[in-house]
Amino acid sequence: MLAELPAPVGAGVYNVYTGGPAGSSLPTAAQLGLEPPRYCAGCGRRMVVQVRPDGWRARCARHGEVDSAELDPRR
């Protein structure tokens, strides 16, 4: 069974790529997996995102931090 995703990128009210309502269309780069999340899924606030050669790290002021390495089960 998959572990629940952290609040900043888990299922929420907001789209993590656009900040709009959940279920809205995704940008092409996000569909291809080339774009990190920019908005918190829980509150819709813009997150501080650091892109690294091996992934990304995003931090919401209210819901904490998430690292792409935590989300990839192959690592």
Side-chain angles (χ1 to χ4, degrees):
M1 183 174 189
L2 292 173
E4 188 173 319
L5 292 174
V9 294
V13 181
Y14 299 96
N15 183 313
V16 296
Y17 300 106
T18 64
S24 59
S25 64
L26 294 176
T28 304
Q31 291 176 10
L32 295 172
L34 302 173
E35 185 71 21
R38 302 284 181 181
Y39 295 88
C40 178
C43 63
R45 294 171 66 117
R46 183 116 169 122
M47 294 192 290
V48 176
V49 178
Q50 178 185 15
V51 178
R52 304 181 314 258
D54 65 340
W56 51 263
R57 179 180 4 215
R59 182 173 43 89
C60 173
R62 292 187 182 173
H63 296 104
E65 188 173 294
V66 63
D67 194 302
S68 62
E70 298 170 2
L71 305 177
D72 190 357
R74 295 173 292 193
R75 290 186 177 193

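Below, all heavy atoms of this structure are taken into account, side chains as well, without hydrogens, waters or symmetry copies.
Nearest approach of Ala58 to Val49, heavy atoms of both residues: CB-CG2, 4.1 Å. Closest of all the heavy-atom pairs between Thr18 and Ser25 is CG2-O, 4.0 Å. Between Gly44 and Tyr39, the closest heavy-atom pair is O-CD2, 3.6 Å.
Screening Pro37, Cys40, Pro36 for a side-chain contact (heavy atoms from CB on, under 4.5 Å) involving Val16 leaves a single residue, Pro37.
Around CZ of Arg46, the count of heavy atoms belonging to other residues, nucleotides or ligands within 6.0 Å exceeds 12. By the neighbour-count criterion of 12 heavy atoms within 6.0 Å, atom OH of Tyr14 is sparsely surrounded, having that number or fewer from other residues, nucleotides or ligands.
Sorted by first and then second residue, the salt bridge (Lys or Arg N to Asp or Glu O under 4.0 Å) pairs with a member in residues 20-37 read Glu35-Arg38; sequence neighbours excluded. Applying the salt bridge (Lys or Arg N to Asp or Glu O under 4.0 Å) test to pairs two or more places apart or on separate chains, none has a residue in residues 12-30.
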Derivation and outcome, side chain to side chain contact (heavy atoms under 4.5 Å, CB included), residues His63 and Cys43: CA-CA 8 Å; His63 296 104; Cys43 63; 3.6 Å; yes

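Met47 and Val51 end up in the same hydrophobic cluster when Ile, Leu, Val, Met, Phe, Trp and Tyr side chains are linked at under 4.5 Å.
Ion pairing between a basic and an acidic side chain is recognised when a charged N comes within 4.0 Å of a carboxylate O; Asp67 and Arg59 show no such pairing.
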